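Since the structure comes first, as structure tokens, the remarks are kept for the end.
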Amino acid sequence: MPKQGHFAKSTQTKQLNNFKIKRGVTGGTIDDGQLTDFLVVRFALTAKKRVQPSSRETIQRFLIEICDALQVNDGDLNEIIPNLLISLNARVPWQFYPVILEEWDLLQSFLKKELPAVPLKKRLRIRREISVQKLKDLIAELLAKKITAITFINQPEIAQNKKEQVMAMMLTTIYHDQTIEWAKVRLLLAPFDFEIAPELDKETKEWLRSLKAK
């Protein structure tokens, strides 16, 4: 299981041939701690081939992060996704977001179908889905906050109401007609390089570098 606050290593994602289910006491269930591995394998078997090859690692890593929160939040995506996006915002470049938006319908459909079939002692299902439009709203707001925070990073004396005004302006600049203007996001964030945390494993660093290059 990946540690909280860190993406899983690529090698931690179980390959089908190496994944062995530990049966519970009833003989027909799996341990709670195997939920993420179980769903990642199911995704590889049923849905991964429908994801663009260049996006597969990003979607798989996002799936792992979601799966790790499913039991604590009882499958409620309206609780999981907003909090997850906030926690990821400092750990991924902005290029992460168009990838997950492009594949969100597929990923959510997969979870709706597969989660109830996972043989846990206490079965789970997805509650309170998130539409692509709601996901866009959340991401646009996060990006506007990120741009504003970076803009004032060396000006701690700036009043909070001034920051809020700039954030609102940035939001209308990058997001209108229910569309995120990715070219404007790129332009506004171009002067500020995304720094990859040195403690991350080699595979994760390579994945983040490839995202940055998009």
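Computed from a predicted model, the values in this text were never measured in an experiment.
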Between Y97 and V92, what is the shortest heavy-atom contact and its length? OH-CG2, 3.9 Å
Heavy atoms of Q52 and E103 approach each other most closely as N-OE2, 3.6 Å
Close side-chain approach of V99 and K214, heavy atoms under 4.5 Å: yes
So, do L101 and I180 sit near enough that their side-chain heavy atoms are less than 4.5 Å apart? yes
Counting C-beta onward and ignoring hydrogens, is there a side-chain heavy-atom pair between I80 and V72 closer than 4.5 Å? no
Going by salt bridge (Lys or Arg N to Asp or Glu O under 4.0 Å), name the residues that satisfy it together with R128, two or more places apart in sequence or in a different chain. D76, E79
W182 vs W94 aromatic rings, parallel, tilted or perpendicular, using cut-offs 30° and 60°? parallel
Is there a side-chain contact between P82 and I130 in this structure, where contact means two heavy atoms from C-beta onward sitting under 4.5 Å apart? yes
Do you know which two heavy atoms are closest between V118 and R123, and how far apart they sit? O-CD, 3.2 Å
Donor-acceptor contact present, side-chain S55 to main-chain V51, <3.5 Å: no
Do the non-hydrogen side-chain atoms of L88 and F62 ever get within less than 4.5 Å of each other? yes
Close side-chain approach of P93 to L208, heavy-atom, < 4.5 Å: yes
Check against side chain to side chain contact (heavy atoms under 4.5 Å, CB included), L85 and I100: CA-CA 11 Å; L85 290 177; I100 64 171; 4.0 Å; yes
Heavy-atom side-chain contact between V166 and I147 under 4.5 Å: no
Does the pair D32/K122 count as a salt bridge with the N-to-O cut at 4.0 Å? no
I'd like to know if the side chain of R56 and the backbone of K48 have a donor-acceptor N/O pair within less than 3.5 Å. yes
All heavy atoms of R125 vs all of P116, minimum pair found to be CB-CG, 4.1 Å
Quick one: OG1 on T151 to CD1 on I158, what's the gap to the nearest 0.5 Å? 10.5 Å
Could you check whether any side-chain N or O of K136 sits under 3.5 Å from a backbone N or O of T179, counting only pairs where one atom can act as donor and the other as acceptor? no
Using 4.0 Å as the upper bound for N to carboxylate O, is an ion pair formed by R61 and E65? no
Give the intermediate values and the outcome of side chain to side chain contact (heavy atoms under 4.5 Å, CB included) for residues N78 and K134. CA-CA 10 Å; N78 264 268; K134 174 67 179 298; 3.4 Å; yes
In the structure I gave you, are the side-chain heavy atoms of I66 and L77 within less than 4.5 Å of one another anywhere? yes
Take a 6.0 Å sphere around NZ of K113 and say whether it holds more than 12 heavy atoms from other residues, nucleotides or ligands. no
Residues, nucleotides or ligands: over 12 heavy atoms within 6.0 Å of Q178 CD: no
Exam field: side chain S109 to backbone D105, donor-acceptor pair closer than 3.5 Å: yes
Does CD in E195 sit with more than 12 non-hydrogen atoms of other residues, nucleotides or ligands closer than 6.0 Å? no
Spacing of M167 atom CE and K145 atom NZ [to the nearest 0.5 Å]: 5.5 Å
Does E102 CD have over 12 foreign heavy atoms under 6.0 Å away? no
If you compare all heavy atoms of A90 against all heavy atoms of F194, which two are closest, and at what distance to 0.1 Å? O-CE1, 3.7 Å
For K112, the side-chain contact (heavy atoms from CB on, under 4.5 Å) test, sequence neighbours excluded, returns Q108, I126, E129
To the nearest 0.5 angstrom, please state how far the CE atom of M170 sits from the OG1 atom of T148. 5.5 Å
Can you get from F96 to L187 by hopping between Ile, Leu, Val, Met, Phe, Trp and Tyr side chains that sit under 4.5 Å apart? no
To the nearest 0.5 Å, atom CG of L142 lies from atom CG of N89 at 4.5 Å
Quick check for you: to the nearest 0.5 Å, what is the distance between T173 atom OG1 and L188 atom CG? 7.0 Å
Do NZ/NE/NH1/NH2 and the carboxylate oxygens of R127 and D74 come within less than 4.0 Å? yes
Shortest non-hydrogen contact from C67 toward T36: CB-OG1, 3.4 Å
Rounded distance [0.5 Å steps], CG in D31 versus CG in L120: 9.5 Å
Checking F110 now: which residues fulfil ring pair (Phe, Tyr, Trp, His ring centres under 6.0 Å) with it, not counting sequence neighbours? F43
Are there more than 12 heavy atoms of other residues, nucleotides or ligands under 6.0 Å from atom NZ of K49? yes
